[in-house]
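Because only heavy atoms are used, hydrogens play no part in the values below, and waters and symmetry mates are left out as well, while side chains stay in. Letters A, B, ... mirror the listed sequences (proteins, then strands); counts begin at 1.
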Amino acid sequence: MSAPPVYLDAATAAPMHPVARQALLAALDDGWADPGKLYTQARRARQLLDAAREATALTLGVRADEVSFTPSGTTAAHGAVLGGLAGRRRFGSTLVHSAIEHSAVLHAAERHVGAGGTAAAVPVDRLGRLDLTAWSTAVRAPGVALAALITASHEVGTVQPVAEAAAACADVGVPLYVDAAQSVGRVPLPAGWSVLTASAHKWGGPPGVGLLAVRKGTRWESPWPADERESGRTPGVVNLPAVVAAAASLRAAAADAAAEAARLADLVDRVRERVAAEVPDVEVVGDPVLRLPHLVTFSCLYVDGEALLHALDRRGFAVSSGSSCTSSTLRPSHVLEAMGVLSHGNVRVSLHRETTEADVERFLTELPGIVAGLRAEAGVVGL
Amino acid sequence: MPDEVIDCRGQRCPLPVIAAARRMPEVPVGTVVRVLADDPAAAVDIPAWCRMRGQEFLGSVNGPDGPAYDVRRTH
Ligand SMILES: Cc1ncc(COP(=O)(O)O)c(C=O)c1O
């Protein structure tokens with residue numbers, strides 16, 4: 001195999017932005033001290049942390065004191081859900097969420113239910129778009145403490161009607177939490193949310209940095225044991241070099257976001273069209289128009305998802321799959337299940353700033369043969 | 001009631017769907033085939049296959065043999 005590997009799993013982790021690498025290296029020298037202390041080295045660290053927070057707040061369009069850095073997007077999501085519920089426990093104990101939230105949100109919901117709370121999942125349509133009528137009914141029910149909606153699906157890319165969902169929440173005074181992990185640094189953020197989370201390794205920052213933004217006036221109470229750092233919203237010392245790198249790369253990604261989104265959306269259009277035309281018996285899923293610029297998902301009938309990932313990997317392509325044929329999980333993706341689309345033979349391709357047209361072309365050229373080969377091996381040709 | 005049953009218990013996706021797809025052309029139009037499948041993916045994939053292939057998905061039942069999915073050959 002001579003061609004260089006093609007990494008197409010940015011929705012899991014984007015390759016680190018060069019700005020992140022530079023900032024990380026500089027901050028390793030300059031930002032190792034504990035920003036909470038009172039000596040010179042700590043003051044330098046504090047300046048770096050404050051600057052990172054200011055820059056991040058500016059990109060998100062919020063105040064600096066509304067932003068906390070967490071150890072991951074997952075812990076940010078846990079804190080957003082459990083803290084939003086804790087802050088409103090006087091009003092009720094129901095969490096309303098879409099059926100297609102990230103597992104971090106669903107696992108926090110399970111924890112809440114295990115502790116005696118209630119969770120109500122709102123369905124999506126075949127394209128993976130929230131059922132707004134069902135959502136409005138659900139948030140209107142008595143005892144709703146918090147509503148959670150992903151800004152856009154991390155598995156199929158469908159952008160959610162956040163503004164409309166937020167208006168329904170505002171009507172009844174229910175705060176809205178949005179998981180914006182796939183949107184921050186790529187597309188403009190919707191309005192109307194009270195709590196937002198994101199994850200730096202999705203936009204080209206280092207892994208292990210999450211964002212938790214809580215708007216002023218939101219009833220939110222830390223679900224964790226007490227700790228003063230990060231406005232009391234997330235315990236433990238921050239990984240300052242990584243936070244500095246996350247903030248620097250977010251600013252860089254946001255500056256290029258419009259141009260990158262246009263470039264990647266064209267490539268995704270090409271993938272959608274060519275896969276549908278050139279791979280027989282394939283279902284390209286998600287909304288073809290109201291979607292993230294960088295992500296596309298399709299399922300190949302009669303093909304084992306894990307076998308497909310391995311076959312693609314052998315040819316140098318790194319992609320992700322929502323199929324349960326993958327041995328790590330017994331259930332198919334809850335997102336594909338909620339949409340009612342084929343779950344086996346599933347591939348998610350997600351692009352990033354280093355993805356070239358040639359990378360996508362090579363993928364599109366090789367894919368039909370790889371799928372045909374697997375079908376021939378399984379004896380399912382012509383079924 | 002189904003006209004016949006195919007037992008795909010213990011098989012992982014996509015095998016139950018493949019078994020249904022293999023059997024369908026062999027039975028007369030109108031036949032109802034029940035697929036027994038305990039892989040959770042079958043609950044999504046058998047209806048999705050029917051939609052893609054224009055066959056009729058009649059619904060699922062959870063009986064003594066575990067989850068089962070009824071499909072009618074329409075063409
Ligand atoms: C939508 C969404 N939310 C949350 C997360 C979790 O972020 P992290 O990987 O930083 O824990 C991810 C990434 O897997 C995601 O795609």
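The two atoms that bring Ala48(B) and Gly340(A) nearest to each other are CB-O, 4.2 Å, heavy atoms only. Residue Trp49(B) comes nearest to Leu342(A) through the heavy atom pair N-CD1, 4.5 Å, listed as atom of the first residue, atom of the second, then distance.
Side-chain contact between Asp304(A) and Pro14(B): present, with at least one pair of heavy atoms (C-beta onward) separated by less than 4.5 Å. In this structure, Val341(A) and Arg51(B) have side chains that are in contact, with non-hydrogen atoms separated by less than 4.5 Å.
Residues of residues 270-291 of chain A lying within less than 4.5 angstrom of chain B, judged on heavy atoms, are Asp281(A), Val282(A), Glu283(A) in numerical order. Proximity to chain B at a heavy-atom threshold of 4.5 Å picks out nothing from residues 105-125 of chain A. Of residues 365-383 of chain A, those residues lying under 4.5 Å from chain B by any heavy-atom pair are Ala378(A), Gly379(A), Val380(A), Leu383(A).
A distance of 10.0 Å separates CD in Glu306(A) from SG in Cys13(B), rounded to the nearest 0.5 Å.
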Between Val44(B) and His344(A), is the side chain to side chain contact (heavy atoms under 4.5 Å, CB included) condition met? List the steps. CA-CA 9 Å; Val44(B) 189; His344(A) 66 247; over 6 Å; no
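Listed by first then second residue, pairs satisfying salt bridge (Lys or Arg N to Asp or Glu O under 4.0 Å) with a partner in residues 32-43 of chain B read Arg12(B)-Asp39(B), Arg34(B)-Asp70(B), not counting sequence neighbours.
Results of the side chain to side chain donor-acceptor pair (under 3.5 Å) test with Asp45(B) over Ser323(A), Ser343(A), Ser299(A) single out Ser343(A) as the only residue that passes.
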